[in-house]
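I have placed the structure first, in the form of structure tokens, so that the comments after it can refer back to it.
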Amino acid sequence: MKKGLLALSLLGTFSFVNAQRILTGTVTDENGQKLSNVQVQDPQTKRWTQTNSDGFFTIELTNENTNLSFSQKGKETQEIVVDSSENNVSIVLYNQTLRLEQVDIFPKKKKEYSEITLGKEAIENVQAFSLNEVLQQLPGQVTMDFNNNEFKNVVFRTAISSNNLGLSGSLSSNTNSDRKDYFQNKAFGTSIVVNDIPISNNENMQAFTSLNGGGFNDFNNPSYGVDLRQITTANIDEVKIIQGIAPAKYGDLTSGLIIINSKVGSTPLRASISMLDATTEYNISKGFKLNDRNFLSLSGNYLASNEDVRDNLKSYNRITTNAAWKSSNKINTLVNTLEGSFAINNDKIKYDPDDISDPKIKNDKFTIRLSNNLKWNLKKDWIDALNVDANINYEKQNSKEERWNNVATAAVTTSTENGISDAIFLPNQYTFVKNVEGIPMSTFLNIEGVKNYESKNNWNHTFSVGLSSRSSSNKGRGTYTDENTTPNYYTLSGAKGGLGYRDYNFKNTKTQWQLSVYAEDRIVKFGENDNVFKLDLGFRFDNQYGNNTFQPRINTSYAFNKVFRIRGGYGIASKAPSLNQLFTGDRIYDRLLGDGIYYVNNKQYGWIETFLLEGNNLNLKPSRSYNSEIGFDVNLPFGSLNVTGYYNQLKDGISKVYHAATLEGSTISVDTSTSTPTYSVTGKEAYQIIYNTLENNLESKDKGIEMFMNFNRIKPLNLDISVNGSYTKTTNNKPVYEYEASTNVLAKEKYAVYYNPKSNDEALMFGTNFNYHLKKVGLILSLRTEHIFIQNHDKYNNRNPIGYLDENSVYHAIPVEDQGNTDLYGHLIKAPQKTLAELQNSLHNFHLRISKDFLNGFKVSVYTTNVLGLKPTYINDSGERIVSKIAKFSLGGKIEYTF
């Protein structure tokens, strides 16, 4: 099939001739005023131009019917089909108000492949304080309880999602540890691109230690992907989601692509305020026309959010400012957009002000982002256009946890070498402070050339060739403890050992580079009787931190007529490890020698032996995804139906792997007869430890089907209706060993070895949208419903050992017939682990929006989640009845004024 399509496309590549048809036209507003700075684009051939000061434009088109898009900041985008016989058009762009003839408030399937787009009004359909709320409208997503006091991520086309995890506990619960790993890998592989420039979280290292955890997990998300809370919707004009196969231009992803587009132009001064529960957001924006060829857009956003309206124990604050300058040359063949943004994000947690042992946590981050987009219509024989996108991003992050500790006598060491050192003794009561300072920096550059040809037999080809580079580094101070507090968080008491902590300087990490080359040919052939064949052939080569990956990507569709079309695609993609995964520093094991702590003359003495285990995970390679889909679109007399089936595989995902090791430690003899005790090494003894590293060990498969049904408008009722649904089954496999110490210390079997079994997740969800629109009065009533019929998780581990480790950490397999024999291995057999979370009854939720656009410049919206006040429950794997985490009743609103 694939070879046939490729051969068919290549037949049309011979004897190229340039398309000769020139289209001219004018663009005006609803009052007849000529509009300059209107972007005119043919999405298929990527040809573009923009209107001059007289609203006039010219653009070269193919000899077939062509789809053209006309867009400008603050105006409703117009998409038209230009007949092959047309040479001149007149276009009217209307202001984005609720008094338009048609207002699209639903997520819409694009005409090509399986993309989903959300326009300005679709973004407004939910009370969105960030991109997170916008994406909850998509198939397979659910509106959860509103909470801005934890980081937000998204994954597509999987039954492992943040809302699914909520059915059986928090992300950090033990029963969810494996599922959290899969969610983390998939969320990290979701790419967010703003105006053709990716937002990177590869440089984030804000964990106290990468392997031993820390106290910042509520709001820091190293290795999880971009925190959606930080992306305000104020400047977004369109969101495009590609859940299937991304174009070859986009890399460093495995689990989906989110493309955010914004515009620059002359707009009135707009101010708005939004409120929901304990969250308030303020927005202000203005677009200036400096002259016919220069435009400036400014905006500011402030958000203050508490977890509870009654207190501010958990709070999140965000300040975002943005400035964008767009300029063009006199003949509108070159357009350059320079954009700068400055953002501050602050999290703060104080669990219980009346309990001094409860920690206080805060995180401060500020970001400076400078980007530039250049589009140049060269119109040469060998190249039509040159696109250059560049970005530099600088952040400074400070995370701090302050905790009061009350401990028994304990000892620590600051040694960073193998050997024995004097112990440092902790006070029984002290305030411990943990800090992480990160300075993540990244750069991005992409250079792309575009050329369009049309063959003599009317095969149209649009060639794109690009070269890109990314850099990732972190130059912060790293993890450290305050100088006036204890130097070590992990303490030893008695004769024992454990993994230790040391300060870790991020400056010891190395800058990582990604270099990429890609090429793509977008082919279209128009036949008789309205049949259309399209094929996007792409290839991408990535060198990610020295690892090479080759990534073919194909999207194709064939429309038999105006009623029925089939489509399909296949692609490979890869995601590089984060700096937080690569650079963890040495693993350190500390062991308190002798009898532990000695008391001589009312003083404490002790000696700690330190071992340095293997350090950074520089052997990590990129994770990979293999994505395929097939679908069809039907235009029915009463609406349009889109159905897509998909099968995705994630390989080489990253998570912890535990290792057993036997260390040769020292035995000592202590002389306490003098005023200052001394020790001498008397011999060696072997003892075992368990430690972990990060490896490419996760595999996951997602298969499912999703559908969209958009009904034609019921004009007598002014009613639009749409339905979407998704079914997904996910199988996860982490083929690693787990270890647990034997309950019989005298047995030769020191550690039992267990196999980690596969797990299965399943989800079936539907959603509907009802939109009642009265154009004359500028009124919208929108009812959005969500229905969860299946959301199950199943994993069973009998916890019978498959093998054991002896005292030298040598592995011995146990025959299958003996693995459950309690007489032989009762000291190794554990109680079965059964993680079964099954939805007993379907969950339903209803959300209402009412928006009114007044003629005097005011626009008022009221939003209600869970308008019926439902409190759906489920039974968790412990047999407890729990209230679901899907959105509870809340009432919010937004007031906007245009001056």
Side-chain angles (χ1 to χ4, degrees), residues 118 123 128-135 151-156 184 186-206 219-242 246-247 249-262 299 301 318-322 324 337-345 365-373 389-397 438-446 468-474 512 514 516 544 573 575-580:
L118 297 98
I123 295 171
F129 295 95
S130 67
L131 183 63
N132 175 65
E133 290 80 36
V134 175
L135 299 178
F151 68 82
K152 305 292 184 182
N153 296 118
V154 68
V155 294
F156 301 120
Q184 176 178 348
K186 293 179 180 182
F188 191 51
T190 302
S191 177
I192 300 178
V193 175
V194 179
N195 296 327
D196 281 331
I197 294 175
I199 300 177
S200 176
N201 196 48
N202 294 355
E203 305 76 30
N204 184 0
M205 300 182 69
Q206 293 300 111
F219 45 77
N220 277 326
N221 57 322
S223 310
Y224 264 95
V226 177
D227 187 351
L228 300 179
R229 296 179 306 165
Q230 300 173 17
I231 303 177
T232 173
T233 62
N235 297 317
I236 297 178
D237 290 288
E238 181 188 63
V239 179
K240 181 179 180 180
I241 297 96
I242 300 178
K249 178 178 181 176
Y250 301 101
D252 201 35
L253 59 89
T254 53
S255 307
L257 173 64
I258 302 169
I259 300 174
I260 297 173
N261 294 317
S262 61
S299 66
N301 171 275
R318 179 188 71 203
I319 299 174
T320 305
T321 61
N322 182 274
T337 304
L338 177 65
E339 183 174 2
S341 64
F342 175 79
I344 298 175
N345 289 268
K365 181 172 88 169
F366 76 85
T367 305
I368 299 175
R369 179 179 171 89
L370 185 65
S371 60
N372 194 84
N373 304 98
D389 305 303
N391 168 261
I392 183 169
N393 197 82
Y394 172 91
E395 293 182 358
K396 187 167 184 180
Q397 301 173 320
I439 303 180
M441 294 182 290
S442 64
T443 64
F444 174 79
L445 174 65
N446 186 77
S468 65
S469 70
R470 304 177 187 222
S471 71
S472 298
S473 61
N474 195 313
Q512 300 296 302
Q514 299 186 50
S516 308
Q544 298 171 297
K575 173 64 183 175
S578 70
L579 297 185
N580 188 61

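We use all heavy atoms of the structure for the numbers below, so side chains are in, but hydrogens, waters and symmetry mates are not. Everything numeric in this text was worked out from a predicted model, so none of it was measured.
Here Leu445 pairs with Val388, Ala390, Ile447, Ser469 under the side chain to side chain contact (heavy atoms under 4.5 Å, CB included) rule; sequence neighbours left out. The salt bridge (charged side-chain N to carboxylate O under 4.0 Å, His left out) search around Arg318 returns Glu281, not counting sequence neighbours. Residues forming a side-chain hydrogen bond (donor to acceptor under 3.5 Å, both in side chains) with Arg470 (at least two apart in sequence, or on another chain): none. Listed by chain and residue number, Val193, Leu253, Leu257 satisfy the side chain to side chain contact (heavy atoms under 4.5 Å, CB included) test with Ser191 (two or more places apart in sequence, or in another chain). With sequence neighbours excluded, the residues satisfying side-chain hydrogen bond (donor to acceptor under 3.5 Å, both in side chains) with Glu133 are Ser130. With sequence neighbours left out, the side-chain hydrogen bond (donor to acceptor under 3.5 Å, both in side chains) criterion links Ser471 to Thr443. Listed by chain and number, the residues in a side-chain hydrogen bond (donor to acceptor under 3.5 Å, both in side chains) with Ser200 are Glu203 (sequence neighbours excluded). For Phe156, the ring-ring contact (aromatic ring centres under 6.0 Å, His included) criterion is met by no residue, not counting sequence neighbours. In this structure Ile368 satisfies the side chain to side chain contact (heavy atoms under 4.5 Å, CB included) test together with Phe342, Phe366, sequence neighbours excluded. Every residue meeting the side chain to side chain contact (heavy atoms under 4.5 Å, CB included) condition with Asn195, not counting sequence neighbours, appears here in chain and number order: Asn261, Ser262, Glu339, Asn373.
Across all their heavy atoms, Asn322 and Asn235 have their closest contact at CB-ND2, 3.7 Å. Across every non-hydrogen atom of Ile258 and Val154, the tightest pair is CD1-CG1, 4.0 Å. When all heavy atoms of Gly225 and Phe188 are compared, the closest pair comes out as N-CD1, 3.4 Å. For Ile197 against Arg369, the heavy-atom pair with the smallest separation is CG2-NH2, 3.3 Å.
Just one of Asp252, Thr190, Thr254 meets the side-chain hydrogen bond (donor to acceptor under 3.5 Å, both in side chains) condition when paired with Lys575; it is Asp252.
Considering only heavy atoms from C-beta on, Glu395 stays 4.5 Å or farther from Asn204 through its side chain. Residues Asn132 and Arg229 fail the side-chain proximity criterion, which asks for heavy atoms closer than 4.5 Å. Side-chain contact between Leu118 and Ile241 is present, with at least one heavy-atom pair separated by less than 4.5 Å. When side chains are defined from C-beta on, Asp227 does not count as touching Asn345, because their heavy atoms never get closer than 4.5 Å. Two residues are said to be in side-chain contact when any heavy atoms from C-beta on lie closer than 4.5 Å; Ile231 and Ile260 meet this criterion. Between Ile259 and Tyr250, the closest side-chain pair of non-hydrogen atoms falls below 4.5 Å. Annotation: side chain of Gln514 is in contact with side chain of Asn202 (closest heavy-atom distance under 4.5 Å).
Rounding to the nearest 0.5 Å gives a distance of 11.5 Å between CD of Gln230 and CG of Leu131. Distance check: Ile199 CD1 to Phe444 CZ gives 12.0 Å after rounding to the nearest 0.5 Å. From Lys249, atom NZ reaches atom OG of Ser468 across 10.0 Å, with rounding to the nearest 0.5 Å. Annotation: the span from Asn201 atom CG to Ser223 atom OG amounts to 8.0 Å, rounded to 0.5 Å. Distance check, rounded to the nearest 0.5 Å: OG1 of Thr232 to CG of Asn301 gives 4.0 Å. Here Gln397 contributes atom CD and Ile439 contributes atom CD1; the two are 10.0 Å apart, rounded to the nearest 0.5 Å.
Between Lys365 and Gln206, the side chains place no donor N or O within less than 3.5 Å of an acceptor N or O (distance only, hydrogens not considered).
Not a single donor-acceptor pair under 3.5 Å links the side chain of Asn393 to the backbone N or O of Met441.
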Run Asn153 and Asn221 through side chain to side chain contact (heavy atoms under 4.5 Å, CB included) and show every step you take. CA-CA 9 Å; Asn153 296 118; Asn221 57 322; 3.9 Å; yes
